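One structure is given below, encoded as structure tokens.
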There are 2 protein chains.
Amino acid sequence: MNASSPRQGSSAASKRKDARRNQQTLLDAAAAVFVTSGVDAPVREIASKAGVGLGTFYRHFPNRADLVIAVYRHQVDTCAEAGPTLLAESPTPFAALERWVDLFVDFLVTKHGLAAAMQADTTGFEALHTYFLDRLVPVCTQLLDAAAAADEIRTDLDAYHLMRGIGNLCIGTDGDPRYDARRLIALLLEGLRRPHRP
Amino acid sequence: MNASSPRQGSSAASKRKDARRNQQTLLDAAAAVFVTSGVDAPVREIASKAGVGLGTFYRHFPNRADLVIAVYRHQVDTCAEAGPTLLAESPTPFAALERWVDLFVDFLVTKHGLAAAMQADTTGFEALHTYFLDRLVPVCTQLLDAAAAADEIRTDLDAYHLMRGIGNLCIGTDGDPRYDARRLIALLLEGLRRPHRP
DNA sequence: TTACAATACGGAACATCGTTCCGTATTGTA
DNA sequence: TACAATACGGAACGATGTTCCGTATTGTAA
């Protein structure tokens, strides 16, 4: 790896301005399309909306998952940064955890199909899965540790499991108005509460 | 609909014996392939394993989802029938519910990708989703009602939500040995317990 | 300003899906 | 044994993610 080699990839600023412009156009188009058609929208639709060819798309984003990450990176970071803030501002660590989970659920639920996409099962979205976890698990851990230290919750569930559980419960919130993921997540948190011991 | 029209579909016995034989061969091949490659295995792979053409496949099963239903129908029915039995044999309704959930989770977890497939989001598996729910929600309702009548659980969660929650939590149990869906499901049931009120 | 090399672009083409279609083969029966 | 109903096989279609490569654009050095 040569240190002088030009940077490349979805988040790097390219030298040529048409490239920079196209990258931003693609991100904007993707964000718009994701809102209406969900994160599973075809690459062609996004490229078309951006007025750009497929080659250009793949030049900027090696694959679909990288585009999704790029589109939501900022929001994920915001969610991550909210953790310490909530911990400082909330009456108890558990309350902070509840609020943070609410934030995370808000984020997932408003992105059609995002939660499902993160289950790397079918598609090649494992990068997405990994990014979310890398970024958010430490924050969640901090919240859980604080709540555990305050003796508010059990200690036998780690942040990874909690995050996965929440993510999974958010799957399929579109297409079924009956389904209320929040209620189940609230129940999960309820189950996490330490039963007042003798 | 003419009453004398010959029955057709995945569960009907055809008149010609080659048809009957091929249907069974397809079911066997599918069951075998599902074990190794998961329920998302390509139709071509199943047809090939059965030594049969694609046309034959689609003659017997209008689409992939119908095949999956056919393969697992018996096991789903078994699970449904276990509900009343457990209710009669268990010390308390809640214990019966726990055992039944365990049965259901066993079923889902051993079928790679089944839980994910039931989220009709991407693929055309809504028939699968519907079948599972139609068959199991009534059973689950019975268990919940019994537990509620015994004042063991809260009454603000219906069977549909519980089933969906459990199904969702089972998603992605393969491909990640760290993830333990059962623990989260146990926590969910814990949260469902009625907090001993004054 | 102008040539030109580096860079980026566009979209045809490929592989993999589920699914449909239709000419051919098999089967049950008169 | 002929023949009509039925079933079979697999080519072909449409959708998708991704790769490839000839062409166009851009920044820069002469």
Side-chain angles (χ1 to χ4, degrees), chain A residues 2 4-10 12-26 29-30 33 37-69 113 117 120-128, chain B residues 4-10 12-26 29-30 33 37-69 113 116-117 120-128:
Chain A
N2 190 336
S4 69
S5 63
R7 283 193 276 151
Q8 65 177 6
S10 55
S14 296
K15 189 160 196 177
R16 277 174 56 163
K17 66 182 167 194
D18 57 346
R20 254 194 323 268
R21 175 169 39 82
N22 275 331
Q23 169 144 338
Q24 191 56 49
T25 303
L26 274 168
V33 169
S37 306
V39 293
D40 291 320
V43 170
R44 281 167 179 78
E45 183 179 343
I46 296 160
S48 164
K49 174 120 184 173
V52 141
L54 280 172
T56 302
F57 178 94
Y58 280 99
R59 167 167 300 274
H60 288 289
F61 307 99
N63 54 53
R64 271 182 49 73
D66 290 328
L67 170 72
V68 177
I69 292 178
D121 256 79
T122 307
T123 28
F125 278 60
E126 37 282 313
L128 191 61
Chain B
S4 69
S5 63
R7 282 192 279 150
Q8 65 176 2
S10 56
S14 296
K15 190 161 194 178
R16 277 173 56 163
K17 67 183 167 193
D18 56 346
R20 255 195 322 269
R21 175 170 39 81
N22 275 331
Q23 169 143 339
Q24 191 55 50
T25 304
L26 275 167
V33 169
S37 305
V39 293
D40 292 320
V43 170
R44 281 169 179 77
E45 183 179 343
I46 296 160
S48 164
K49 174 122 185 173
V52 141
L54 280 173
T56 302
F57 177 94
Y58 280 98
R59 167 167 301 275
H60 288 290
F61 307 99
N63 54 54
R64 272 182 48 74
D66 291 328
L67 170 72
V68 177
I69 293 177
D121 255 78
T122 307
T123 30
F125 277 62
E126 38 282 311
L128 191 61

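Protein chains get the first letters and strands the later ones, always in sequence-line order, with residue 1 at the start of each. Fair warning: this is a prediction, and the values are worked out from it, not measured in the lab.
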Can a donor-acceptor pair be found, under 3.5 Å and without considering hydrogens, that links the side chain of A:R64 to the backbone of A:F125?
no
Could you tell me whether the side chain of A:Y58 reaches within less than 4.5 Å of the side chain of A:V43, counting heavy atoms only?
yes
With sequence neighbours excluded, tell me which residues meet side chain to side chain donor-acceptor pair (under 3.5 Å) with B:S48.
none
Is DNA chain C part of any stem, that is, at least 3 consecutive Watson-Crick or G-U pairs with both distances under 3.5 Å, and where?
C:1-30 with D:1-30
Does A:D66 offer a backbone N or O that forms a donor-acceptor pair with the side chain of A:N63 under 3.5 Å?
yes
Between CG on residue A:N22 and CZ on residue A:R20, distance to nearest 0.5 Å
11.5 Å
Could you check how far CZ of A:F57 sits from P of C:dA12, rounded to whole Å?
18 Å
Side chain to side chain contact (heavy atoms under 4.5 Å, CB included) against B:E45, all qualifying residues, sequence neighbours excluded:
B:V33, B:S37, B:A41, B:P42
Would you mind reading off the distance between A:E45 atom CD and D:dG17 atom C1', rounded to a whole angstrom?
14 Å
Contact check, side chains of B:F57 and B:L67, non-hydrogen atoms, under 4.5 Å:
yes
Does OP1 or OP2 of C:dT20 have a side-chain N or O of B:Y58 closer than 4.0 Å?
no
Compare side-chain N and O positions of B:H60 against OP1 and OP2 of D:dC8 and report whether any pair is under 4.0 Å apart.
yes
Where do A:A50 and A:L26 come nearest, in terms of heavy atoms and distance?
CB-CD2, 3.8 Å
Protein-to-nucleotide contact annotation, 5' to 3' order, nucleotides 10-16 of chain D [B base; S sugar-phosphate only; - none; under 4.0 Å, heavy atom]
BBB---S
Please report the distance, rounded to the nearest Å, between CZ in A:R59 and P in D:dT23.
17 Å
Using the 3.5 Å cut-off, write out each protein N or O paired with an N or O of nucleotides 26-28 of chain C and the distance between them.
{"from": "C:dT26", "atom 1": "O2", "to": "B:R16", "atom 2": "NH1", "distance (Å)": "2.8"}
{"from": "C:dT26", "atom 1": "O2", "to": "B:R16", "atom 2": "NH2", "distance (Å)": "2.9"}
{"from": "C:dT27", "atom 1": "O4'", "to": "B:R16", "atom 2": "NH2", "distance (Å)": "3.3"}

Could you report the tightest heavy-atom contact between A:K49 and A:A29, atom names first, then the distance?
CG-CB, 3.8 Å
Can you tell me if the side-chain N/O atoms of B:N22 get under 4.0 Å from OP1 or OP2 in D:dA7?
no
Closest heavy-atom contact between B:Q23 and B:H60?
OE1-ND1, 3.0 Å
Restricting to side chain to side chain contact (heavy atoms under 4.5 Å, CB included), what partner residues turn up for B:R21, sequence neighbours left out?
B:D18, B:T25
Looking only at side-chain N and O atoms, does A:N63 come under 4.0 Å of OP1 or OP2 in D:dG17?
no
